[in-house]
Structure formats: structure tokens, C-alpha cells
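Remarks on the structure that follows.
Order of appearance sets the numbers: ligands from 1, and atoms from 1 within every ligand.
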Amino acid sequence: MTRRVPLPGTRPAPARFAQALRRYARRPATPLHTPGHKGRRFLPGLSRWLTEEGLACDLPAMDETGNWLATRGPLAAAQRDFAAECGSAQTWFLANGSSSGVHAMLLASVGPGDAVLLSRHSHLSAFAALVLSGAAPVYLPARWSAAAGPVPPDGDEVARALEADPRIRAVLLTSPSYYGIGRPLAAVARACRRRGVPLLVDEAHGAHLPFLPPAPDLLGSALAAGADLVVQSPHKTLGSLVGTACLHRTRGGLVAPERVQAALALVTSTSPSYLLLASLDLCRRWLATRGRAELARAVARARRLREAIRALEPLRPLGPGAAGLPADVRFDPLRLVVDVSGTGLSGHDAERHLLASANLLDEFADEANVVCVLGPADPPAVLARLLRAFDALRRGARGRGRPPAPPSCWPLPPQALTPRAACSRPSEAVPLAEARGRIVAEPVCQYPPGIPWLVPGERVGRELVERLREARRQPCHFTTADASLRTLRVVRE
Ligand SMILES: Cc1ncc(COP(=O)(O)O)c(C=O)c1O
């Protein structure tokens, strides 16, 4: 991989697309084209949120700014600048999140009847991509750690799975996980190359990884490890606007750029938000100027915070040497995962404590852990407040009872139909109790973290019904058509 390092005396490219939008917005000509607000403060509520310039830059695709799938113009230039900055061969900007990037990666790589090797703990978008492409899943052995959620596979596991099933045409991995862990991907990439199948990596939570200072415990980016296509959500960790993502193709990758382009044209809007896309251009400009230094400072602060929490017995921040994890697991230093179960409290209790006592909102909690996303936009004072809140938590919990049950992974449901077959057959809504033994026709997925409890095509088991009944009492959000979980959509048999 070649990463662009500015030569001494050379200046990083300006944010050319953002500049082109601004230039267009300042033209004296009166627009008689979309969008309907005409760049004016027209909707009262909206004009409180967006500045005049922001509204004027909310533009559709035009010759002056370039179409996002075109190879010329300021938007194409901005995508090339981003590719150079992160070391990809080609980068496409997306305004519909990594979800659309995952859909496009699979559509570009496989077709109906092909098999895809992936983890059953992949994000919902991977299963949606199976429905869209008509490919069938082949699952890697599912491993779950109480401290760190799903454990990714290593190169040997992937090589064995590829050897066992010649139908596999692509491998899709998530790295880092929602808990910020991963395994070195170079060995996985080599196993895929030996078999001639592309390695597709959902790096939605790792857009910052290529820009972090090297460290022995640092999880490297899939871009440097030899993956063929990589999807990232800079909105999650780098500061571009929510919904922005990048699909990267690496040099010498097995998936032809024309196939990626054709797949993107199928799954993305013809009116992507140019404000969102411009925020990716501004993000790249930040990375090329102050970004790496600010990220390095954020990493140093996060490492100090993690060590300070480690001293607060019995709290256990996730990091190197964590019990039950393979020795080659690597970490995202900006994902703070703290196991609070030693205090007798659950992660959900700790989440409530952080909000009530310190006005801090975490990203996610499970039975044992609280997960926080840290980054360059967090001032040191916030981290100090977080540390004090954790200290108060363990003091207040002294002498409490037994630790709560560790988060667990229940047996994976048997797959009766492919996701596409289950979604295309006639279906009906049945009361939850009657769904037992039936084939589910919709994804049943709690968000966050977006890992489906049931994938379309799987048979609903007794334990799942009980867990869903339990979930009805919790304040969590599910993707089901009936959000109250009283009914489930199942295939009519
Ligand atoms: C692992 C993973 N992949 C993909 C996505 C989808 O990303 P986006 O929300 O940008 O569409 C998410 C979102 O949480 C995710 O956690």
C-alpha cells in the first residue's frame, strides 16, 4: 500500500468539492432547479439549524460540482484526494452509510446461488446484501467473548472454511467489531488470494485506523492488510456528517472497478446529499493537515484514561491480555469498553449511572460492559469527568451482591431457507408464541449493535422466543415490522 505523505514544502490539496459547492452557491443567478428550498431560508425550522451558506450548498448533482459516479469534476477530484490520503486505489463517497457500501461490495462480488463466507455476527447490512444479491451464507464458527463480544476469525480458520466449501465466492469480515477488536487481516487476505476469492471488509467503525500512530496492540486497517474492498463510516469516528461512508478499492484487488461502479449505481440514490459528501472532502482536508496529530493526541488521552480506569478495581477496561481472547487480538485504542460486572452492577446500570451522575451518554451497554466512542472531539475535561464517574460507580457499588450474568451468545438458529428465498415467499404476521418452529421472514435485529438475533430464513427456537419476550420489557429498539415484538413475520407454510 502506498500512503501519500506530503513532501516537505508541498501543500495538501484544498477541499476542492466543498469549494466548488460554495462557489456555485454564491453565483448571482436565480435557481429554477431542485431542491425546492432554492437555497433560501424557506422552512422555518430548518433555517434555525442550517446557516444561509449551508442551505445554499444543499445542492443536487450539477455540471459545476460533478456527478458522484463521474470520473471528472470537483467531486471526482475529492474522491481521488481521499483515496490518496488513505492509500486506496479508488474511493467512492457514499451518503447512505456503510450499509450501502456493504450492499455494493457484495453485489459487485457475488450473484444468486454463490456462497459467501461470513460471521453470523455480521451487521444487518451484510444480511440485506445477501437478500439483494441472492447469495447464500456460509458461517464461520461463532465465537463470543464475555469481555469483547464476537471474536473475529484468524487466517487459519478462514483458510479451513474456504477449503471445506468450494462454492464460496467471497469472504466478508467485520473489523473492528463494535467492541473495537480485530485480528491481523493479512493472513486472512493471503488465504483468500490463494483461493482466488475477494476479501471484503466492513470497517465501518475503523475509518480512523489508517491514521493512528503505530503501536504493537493497534488493530491495523484492512486497507493495508490486502483486502480487496473496504467500507468505512468516517461519520462514526472521524467527524464527517452522519450517513457518510467510503467504499475503497485497493490496488490489484480482485473485484473490477466497473463492477463496483455498477453495483453502486443500483443501490444508491441519484440525489445523494452534497452537504454530506462535502463533509467527507473537509474530513480528508483535516486528515491531511491537523488530523493525524489530533488523532495521536486523542489516542494518548484514551490510553491514559484506560490505565487510570484499570487502577479502579474491580473495573476492567478491555485491552491487551484480556481473559478469554486469542493472543493475536488487536485493539482500537479509541473504543473504551469497561467491564463493570465486578461491582455487582450490569453495563445497563452503569450506563444509567454515567448519565445521571455525570451527564455522559455512552454508545452502548450490555449485561457486563459499557462501550464509549472516544476521539479528537472529546476535550480532556470530558475524559476526566468520565473517570470520576467510573470511580464514583465502583465506590457506590462496594459490597453489592454477585456479578450479573456475563453477556452470552445463544446457539445460532438453524437456517431453513436462504435470506432471499425467505424474503420473497408469501409471509404472515403471527403472535410471538406461535412463531416458534416457523421460518422468519424479516430480520429481527436490536440496534445498536445491529447484529441480527434472527436472519430471514432461520427457524425460530424456544430460547429466541423467550429472549424476545424478555426484550419486550427493555427499552430497546428492534427492526421488526411490529416494533412491539408482539408478532413476528414468518414464511407462510
Ligand atoms: C459493523 C457495522 N457495519 C456497518 C454498519 C452500517 O453503517 P452505517 O450506519 O454507516 O450505514 C454498522 C452500523 O452501526 C456497523 O456497526
Option from Asp154, Asp156, Leu173 for which side-chain contact (heavy atoms from CB on, under 4.5 Å) with Val188 holds: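 Result for side-chain contact (heavy atoms from CB on, under 4.5 Å) with Val188: Leu173.
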
For atom 13 (C) of ligand 1, the option (of His235, Glu363, His205, Lys236) bearing the nearest heavy atom: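 It is Lys236 that holds the nearest heavy atom.
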
Within-shell test, Val102 vs ligand 1, heavy atom, strictly < 4.0 Å: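 For ligand 1, residue contact (heavy atoms, under 4.0 Å) with Val102 is absent.
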
Please state which protein non-hydrogen atom is closest to [atom] and give its distance, to 0.1 Å?
atom	value
atom 3 (N) of ligand 1	Asp202 OD2, 2.5 Å
atom 15 (C) of ligand 1	His123 CD2, 3.3 Å
atom 8 (P) of ligand 1	Ser98 N, 3.4 Å

Sole candidate of Phe93, Phe211, Trp286 that passes ring-ring contact (aromatic ring centres under 6.0 Å, His included) when paired with Phe82: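 Of all the options given, the one that passes is Phe93.
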
Ligand 1 atoms in contact with [X] (distance to a heavy atom under 4.0 Å):
X	value
Ala204	2 (C), 3 (N), 4 (C), 5 (C)
Thr174	1 (C)
Gly97	8 (P), 10 (O), 11 (O)

Polar proximity ligand 1 side, Ser99 side, N/O cut 3.5 Å exclusive: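 Yes, there is a polar N/O contact under 3.5 Å.
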
Just by modelled atom types, is the [Y] backbone N or O under 3.5 Å from a matching donor or acceptor in the [X] side chain?
X	Y	value
Arg459	Gln415	no
Glu458	Val455	yes
Ser177	Ile181	yes
Arg195	Ile168	yes

Any donor-acceptor N or O pair under 3.5 Å, side chains Tyr179, Asp366: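 There is such a pair (donor and acceptor under 3.5 Å, judged by atom type) between the side chains of Tyr179 and Asp366.
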
No-hydrogen, no-angle side-chain donor-acceptor test under 3.5 Å, His205 and Asp332: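 There is no such pair between these side chains.
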
Location of contacts on Tyr447 toward ligand 1, heavy atoms closer than 4.0 Å: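 Under 4.0 Å from ligand 1, Tyr447 contributes side-chain atoms alone.
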
For ligand 1, the portion of Ser233 having any non-hydrogen atom under 4.0 Å away: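 The part of Ser233 near ligand 1 is the side chain, not the backbone.
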
